[in-house]
S.K.: 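I have a structure I would like to understand better, so I am pasting it below and will then ask my questions one at a time.
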Amino acid sequence: MKLSAESRLRRLLIVFAQTGGEGPRTRAFDNLPVDSRAHLLERAALNADELPVIAHFGGPAHWMLITTDRIVMGRESGLQSMPWSDLENATTDTAHVHAAFSSGVGGKLSLSRLRLQRRDAEDIEFEVEAGPAFFGLWNVLKTIASLRKE
């Protein structure tokens with residue numbers, strides 16, 4: 001069964017809220033500052049039936065936008081876009097986890113690096129906001145990986 005864009009949006013927002021929630025730089029798209037939303041919409045060039053859902057906005061050259069169809073990332077090296085169908089899983093690097101737990105500063109809440117495992121291409125690592133928003137974003141990405149298999 002294929003979910004509508006509105007159904008995907010609602011489902012991802014629920015997962016985000018229940019497993020982490022918003023932070024200063026990672027929020028439901030509609031809760032971002034107006035200038036951040038305008039920047040993301042201009043750069044991501046959404047399709048007519050594609051809706052913005054959640055974004056991490058670390059600055060004009062460092063952001064991630066999850067839409068109802070894709071994961072779009074703005075990086076120093078340029079724009080990178082991945083359709084949901086390419087996302088196999090979302091994880092974090094084992095060395096990063098060990099460093100977070102051994103640092104004693106926040107433990108798991110200091111995790112900030114996500115690894116997007118793609119089906120037929122090299123993994124993508126992306127730095128996001130640490131804290132509860134990290135876990136919300138991680139769970140949203142894991143949900144996308146499971147939805148694309150339905």
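Numbers for residues simply follow the sequence, beginning at 1. Here the structure is a predicted model, which means the values were calculated and not measured.
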S.K.: Please report the shortest heavy-atom distance between Leu12 and Trp84, naming the atom on each side.
M.R.: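 Closest approach of Leu12 to Trp84: CD1-CZ2, 3.5 Å.
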
S.K.: Establish whether Leu41 and Met64 are linked, either directly or via other cluster members, by ILVMFWY side-chain heavy-atom contacts under 4.5 Å.
M.R.: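 No, Leu41 and Met64 fall in different hydrophobic clusters.
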
S.K.: With rounding to the nearest 0.5 angstrom, report the NZ to CG distance, Lys142 to Leu137.
M.R.: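 Interatomic distance, Lys142 NZ to Leu137 CG, rounded to 0.5 Å: 12.5 Å.
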
S.K.: Atom CG of Leu141 and atom CG of Asn139: how far apart are they, to the nearest 0.5 Å?
M.R.: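 Rounded to the nearest 0.5 Å, the CG-CG separation comes out at 9.0 Å.
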
S.K.: To the closest 0.5 Å, what do you measure between OG1 (Thr26) and CZ (Phe16)?
M.R.: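 Reported value, rounded in 0.5 Å steps: 6.0 Å.
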
S.K.: Between Leu116, Ile144, Val72, which is the residue that forms a side-chain contact (heavy atoms from CB on, under 4.5 Å) with Met82?
M.R.: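 For Met82, the side-chain contact (heavy atoms from CB on, under 4.5 Å) test succeeds with only one of Leu116, Ile144, Val72, which is Leu116.
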
S.K.: Got Ile124 and Arg75 here, is their nearest side-chain heavy-atom distance under 4.5 Å?
M.R.: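 Ile124 vs Arg75: side chains touch.
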
S.K.: Testing the basics here: between Ala133 and Gly23, what is the closest heavy-atom pair and its distance to 0.1 Å?
M.R.: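 Nearest pair, atom of Ala133 first, then Gly23: CB-N, 3.8 Å.
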
S.K.: Search all heavy atoms of Glu122 against all heavy atoms of Arg118 and return the closest pair with its distance.
M.R.: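 Here Glu122 and Arg118 meet closest at O-NE, 2.8 Å.
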
S.K.: To the nearest 0.5 Å, what is the distance between CD1 (Ile66) and CG (Leu9)?
M.R.: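 Output value for this atom pair is 11.5 Å.
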
S.K.: Output the distance between atom CG (Asp86) and atom CZ (Arg70), rounded to the nearest 0.5 Å.
M.R.: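 CZ of Arg70 is found 12.0 Å from CG of Asp86.
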
S.K.: Locate the shortest heavy-atom distance separating His62 from Glu127; write the atom from each residue and the value.
M.R.: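 His62 and Glu127 have their closest heavy atoms at NE2-O, 2.7 Å.
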
S.K.: I need the minimum non-hydrogen distance between Phe134 and Glu129, along with the two atoms involved.
M.R.: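 Heavy-atom minimum between the residues: CB-O, 3.2 Å.
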
S.K.: Between Phe126 and His56, what is the ring plane arrangement, given parallel below 30°, perpendicular above 60°, and tilted in between?
M.R.: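 Judged by the thresholds at 30° and 60°, the geometry between Phe126 and His56 is perpendicular.
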
S.K.: Within the distance-only criterion (no hydrogens, no angle test), does the side chain of Glu22 pair as donor or acceptor with the backbone N or O of Ala28 below 3.5 angstrom?
M.R.: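 Side chain of Glu22 to backbone of Ala28, a donor-acceptor pair under 3.5 Å: yes, one is there.
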
S.K.: In the single-linkage hydrophobic clustering (I, L, V, M, F, W, Y; side-chain heavy atoms under 4.5 Å), do Leu147 and Leu114 co-cluster?
M.R.: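 Yes; Leu114 is reachable from Leu147 via cluster members.
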
S.K.: What's the spacing between Leu65 CG and Ser36 OG if we round to 0.5 Å?
M.R.: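 Rounded to the nearest 0.5 Å, the CG-OG separation comes to 11.5 Å.
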
S.K.: So if you build clusters from Ile, Leu, Val, Met, Phe, Trp, Tyr with side-chain heavy-atom gaps below 4.5 Å, do Val128 and Ile71 land together?
M.R.: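 Linked within one cluster.
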
S.K.: Report yes or no: does Trp138 contribute a side-chain atom to a donor-acceptor pair with the main-chain N or O of Ala90 at less than 3.5 Å?
M.R.: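 Looks like yes, one N/O pair under 3.5 Å.
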
S.K.: With the side chain counted from C-beta on, respond yes when Arg27 and Pro33 share a heavy-atom pair under 4.5 Å apart, and no when they do not.
M.R.: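 In contact.
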
S.K.: If you look at every heavy atom in Thr19 and Gly136, which pair is closest and at what distance?
M.R.: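 Here Thr19 and Gly136 meet closest at OG1-CA, 3.4 Å.
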
S.K.: If you measure from the Lys or Arg side-chain nitrogens to the Asp or Glu carboxylate oxygens, is any gap between Asp30 and Arg37 under 4.0 Å?
M.R.: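 Looking at Asp30 and Arg37, the cut-off is not met.
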
S.K.: Would you indicate whether the side-chain heavy atoms of Phe57 and Asp35 approach each other to under 4.5 Å?
M.R.: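 Counting from C-beta outward, Asp35 and Phe57 never come under 4.5 Å.
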
S.K.: Dump the intermediate steps for side chain to side chain contact (heavy atoms under 4.5 Å, CB included) on Val53 and Val140, then the final yes or no.
M.R.: CA-CA 10 Å; Val53 183; Val140 163; over 6 Å; no

S.K.: Would Phe29 end up clustered with Leu51 when hydrophobic side chains under 4.5 Å apart are linked, directly or stepwise?
M.R.: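 Different clusters: Phe29 never reaches Leu51 through Ile, Leu, Val, Met, Phe, Trp or Tyr contacts under 4.5 Å.
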
S.K.: Can you hop from Leu3 to Leu13 via hydrophobic side chains spaced under 4.5 Å?
M.R.: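 They do share one cluster, since a chain of ILVMFWY contacts under 4.5 Å joins Leu3 to Leu13.
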
